[in-house]
Trainee: 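The structure that follows is given in the form of structure tokens.
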Amino acid sequence: MASFFDLKARKAAAANGASSSSEKKATENPRLQPWVEKYRPKTLSDVTAQDHTVTVLQRTLQASNLTGAEKLPHMLFYGPPGTGKTSTILALAKELYGPEMIKSRVLELNASDERGISIVREKVKDFARMQLTNPPPGYKARYPCPPFKIIILDEADSMTQDAQSALRRTMETYSKITRFCLICNYVTRIIDPLASRCSKFRFKSLDQGNAKRRLEDIAKLEDVQIEDGAVDALIRCSDGDLRKAITYLQSAARLVGASSSEDDDADKMDVDNKTITVKIVEDIAGVIPDATIQKLVKAMRSRDTYRAVASVVEDLVADGWSAGQTMMQLNQAIIYDETIPDVQKNRIVGVFSEVDKRLVNGAEEHLAILDLALRISKIMAGR
Amino acid sequence: MALIVDKHRPKSLDDLTYHDELSSRLHSLAQCGDFPHILVYGPSGAGKKTRVVATLKELFGPGVDKIKIDARVFQTSSNRKLEFNIVASVYHLEITPSDVGNYDRVVVQDLLKEVAQTQQVDQAAKQKFKVVVINEAENLTRDAQAALRRTMEKYSPNLRLILLANSISNIIAPIRSRTLLIRVAAPTHDNICKVLAASAKKEGWPVVPGLHKRIAEESKRNLRRALLMYEAVHSQNEKVTDTTPIPPPDWEVLIGQIANEVVNDRTPARILAVRAQFYDLLTHCIPATTIIKTLAFKLVELVDDDLKGDVILHAATYESRIKEGTKVIFHLEAFVVKFMKILEEYLMAMDM
């Protein structure tokens, strides 16, 4: 039953059963694995940049070692995506239970699993009230194996209100043998009764230094040549989201063909001169080149506004740049432009918000962007 | 006889005429064995589909050309039956989930799961995975996209997705971060001229550079439209020269006519006439968004510079209301009335 819940075990079983040559599969798998999974922190101390949370957790870990149980509270992790929330709890679980017990002691559910009220009532409740199995002899010396199970509800903010309220009593009733860990981006979407039952940990977005170090490590381990500014570009394009940055890095590596080496022998032969450049990174992230945005800004300031703006916008749309990205970068360009007086900026931001809402509702991109540009230029001209 | 758009469509990556860098990237991706999920985006007529088909051919060989059309029936949770057409070869499937509107989640979940759980039977196949091409991915509902998210990770040994979209604004971030984004920009005017010249050579038509240039400009960097126009010009004229007129589509003529009339005659009677014309367009399946956009650009050309910004502003406003509202004719009319009002006010102010 427990292994049914564990995705990794199921995946492994599926892979073994499915492929006729399981050996070949085994050699192939690590290469095909996304780097995000491959380089997930293995232990709590590997988790970068969340010092506060990690120290608190480590302290509770040691404390629970001494007294046995009851020290680890229910937890609520919140913070922007890609800051290591899931990684932290998985690393903690690994340190607590070790590879063998983790299957029977941890239940992980995320938003893509069906998670209506019925699931909370059945799956979660069943798992929560299951009695603990004893660790094999000698196992306890290596891993603390505290006498409780952990249920991880990833992306808990996308659970319905009903499903959340169904959790309330469950959390209390089985608190002797079960700990919950809720993970979400927006703490406000968690209903108050649940939030008050948990101790909250805020994950701040990664600072530049840590993210850079991590990316450089991965690049080195994967034998990817990377240009000087490219790492900075990765960080810039992913705005503090390390997962996004790593995915971009992997995509970039695939594009330049650096990771196509089959095994170690080929690896040495495959040291070609293909490096990841800033341009490739920006290409993958769908970032519009600065020159294009500057051209648009310039057009908005020119005298014959309509014709200039219309032609730039037409090119922008024909080149396939997405409207959302255009707006974001244009916004940056204008907000940091000190030659525009604050009063005008106020009005410009209002225009941005209105056009953004329209785009979300599915408005035509060409018209929306053209409208945006013309309205901004009108405001900047002081009319 | 096939249209030249189809007849001269490049069949392999080497035949592609522009975006050489992109072609070589696709080539190396197809060769390296570690093919990622791909999201191809760009304006229509830029050659997204052509590139995807060529990449599939590179991946699997000529087998992908043997396609058949399957009609499948899916059942929704409320026991409604949905019919759904799938274009399939031994190696890939092509679906347009937005055909079934709000029920696309059911299709995406059922179909992909089914594909992912079956192994590639053909032992001689070059790749172990199957590819599912999803057209019009930007029209997928949020639910369907969320369903894709987990599927992409879970079944990655057996399944690769290629998503085609006009814009990535409506694609949720988790999908974007799981796919390799490939942008296909529209061809430049020179690119289009070259393609037209190449087609002319294949058809045995004379190469007329002046005409090609005009078609390229007229097509607004949409290669498909350019080729169709080119064929139309040839089918309507025995001899083509640099000055041969390019026949615009009749709906565009009608919208141009509306624009002219609205500018010249700003009376309630005209509104009534315009309404009839709008209905005419709508019954011929011209999307309201296209109507309002074309009309706005035609009107902009006819009014003074001071008014241009306002015309676009109102066009954008009413266009977005079309998306939110239910009955498009109200918003089309409202736009026309609004336009008449601002033009009238502007002219009055000039007279004063």
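Keep in mind that the numbers below use all heavy atoms, side chains included, and drop hydrogens, waters and symmetry copies. Lettering of chains follows the sequences in order, A, B, ..., and the numbering in each one begins at 1. Nothing here was measured: the structure is a model prediction, and the numbers come from that model.
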Trainee: Heavy atoms, side chains only, cut-off 4.5 Å: are B:Ile292 and A:Leu367 in contact?
Mentor: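 Result yes, sub-4.5 Å side-chain heavy-atom pair found.
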Trainee: Tell me, do B:Asp305 and A:Tyr306 make a side-chain contact under 4.5 Å, heavy atoms counted?
Mentor: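 No, their side chains stay 4.5 Å or more apart.
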Trainee: Answer whether the closest heavy-atom distance between the side chains of B:Thr290 and A:Glu364 falls below 4.5 Å.
Mentor: no
Trainee: Of all of B:Glu319, B:Glu138, B:His314, which one pairs up most often with chain A through heavy atoms under 4.5 Å apart?
Mentor: B:Glu319
Trainee: Rounded to the nearest 0.5 Å, what separates atom CD1 in B:Ile171 from atom OG in A:Ser322?
Mentor: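 With rounding to 0.5 Å, CD1 (B:Ile171) is 10.5 Å from OG (A:Ser322).
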Trainee: Of all heavy-atom pairs between A:Asp371 and B:Ala316, which one has the smallest distance, and what is that distance?
Mentor: OD2-CB, 3.4 Å
Trainee: Please flag which part of B:Asp310 lies under 4.5 Å from any non-hydrogen atom of chain A: side chain, backbone, both or neither.
Mentor: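 Just the side chain, heavy atoms under 4.5 Å.
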Trainee: Is there a donor-acceptor pair closer than 3.5 Å between any side-chain N or O of B:Arg183 and the backbone N or O of A:Asp319?
Mentor: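 Side chain of B:Arg183 to backbone of A:Asp319: a pair is present.
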Trainee: Let me know if A:Asp315 has heavy atoms under 4.5 Å from chain B in its side chain, its backbone, both or neither.
Mentor: both
Trainee: Based on non-hydrogen pairs under 4.5 Å, which of A:Pro81, A:Ser238, A:Ala310, A:Ala318 is most in contact with chain B?
Mentor: A:Ala318
Trainee: Output yes when a side-chain donor or acceptor of B:Lys323 lies under 3.5 Å from a complementary backbone atom of A:Asn361, and no otherwise.
Mentor: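 No; judged by distance alone, with no hydrogens or angles, the pair does not exist.
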Trainee: Is chain B contacted by the side chain of A:Glu314, its backbone, both, or neither, given a heavy-atom distance below 4.5 Å?
Mentor: side chain
Trainee: Has A:Arg243 got more than 12 heavy atoms of other residues, nucleotides or ligands less than 6.0 Å from its CZ?
Mentor: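 Counting neighbours around CZ of A:Arg243, 12 or fewer heavy atoms of other residues, nucleotides or ligands fall under 6.0 Å, so no.
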Trainee: Does atom OH of B:Tyr346 have more than 12 heavy-atom neighbours, drawn from other residues, nucleotides or ligands, at distances under 6.0 Å?
Mentor: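 Check passes, neighbour count above 12.
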Trainee: Could you tell me which portion of A:Leu359 (side chain, backbone, both or neither) has an atom closer than 4.5 angstrom to a non-hydrogen atom of chain B?
Mentor: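 Interface part for A:Leu359: backbone (N, CA, C, O).
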Trainee: Just so I understand: if I count every heavy-atom pair under 4.5 Å between each of A:Thr247, A:Leu370, A:Leu374 and chain B, which residue has the most?
Mentor: A:Leu370
Trainee: Checking B:Val300 against chain A: side chain, backbone, both or neither under 4.5 Å from a heavy atom?
Mentor: side chain
Trainee: For the residue pair B:Ile312 and A:Arg375, establish whether any side-chain heavy-atom pair is separated by less than 4.5 Å.
Mentor: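 With C-beta onward as the side chain, the pair stays apart.
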Trainee: Looking at A:Ala373, A:Gly324, A:Gly362, which makes the most heavy-atom pairs under 4.5 Å with chain B?
Mentor: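 Option with the greatest count: A:Gly362.
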Trainee: How far does CZ of B:Arg176 sit from NZ of A:Lys244, to the nearest 0.5 angstrom?
Mentor: 7.5 Å
Trainee: Do B:Leu180 and A:Gln250 come within less than 4.5 Å of each other through their side chains, counting heavy atoms only?
Mentor: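 B:Leu180 does not reach A:Gln250 side chain to side chain.
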Trainee: In sequence, state the C-alpha distance, the side-chain angles, and the governing distance for A:Glu365 and B:Ser167, and then conclude on side-chain hydrogen bond (donor to acceptor under 3.5 Å, both in side chains).
Mentor: CA-CA 9 Å; A:Glu365 299 198 344; B:Ser167 137; 2.6 Å; yes
Trainee: So B:Arg25 and A:Ile280, side-chain contact (heavy atoms from CB on, under 4.5 Å) or not? Walk me through it.
Mentor: CA-CA 11 Å; B:Arg25 273 184 191 174; A:Ile280 290 179; 3.9 Å; yes
Trainee: Would a 4.5 Å heavy-atom cut-off, applied to side chains only, mark A:Lys378 and B:Leu313 as touching?
Mentor: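 A side-chain contact under 4.5 Å is absent here.
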Trainee: Measure distances from B:Ser44 to the heavy atoms of chain A and classify the residue's part below 4.5 Å as side chain, backbone, both or neither.
Mentor: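 Neither part.
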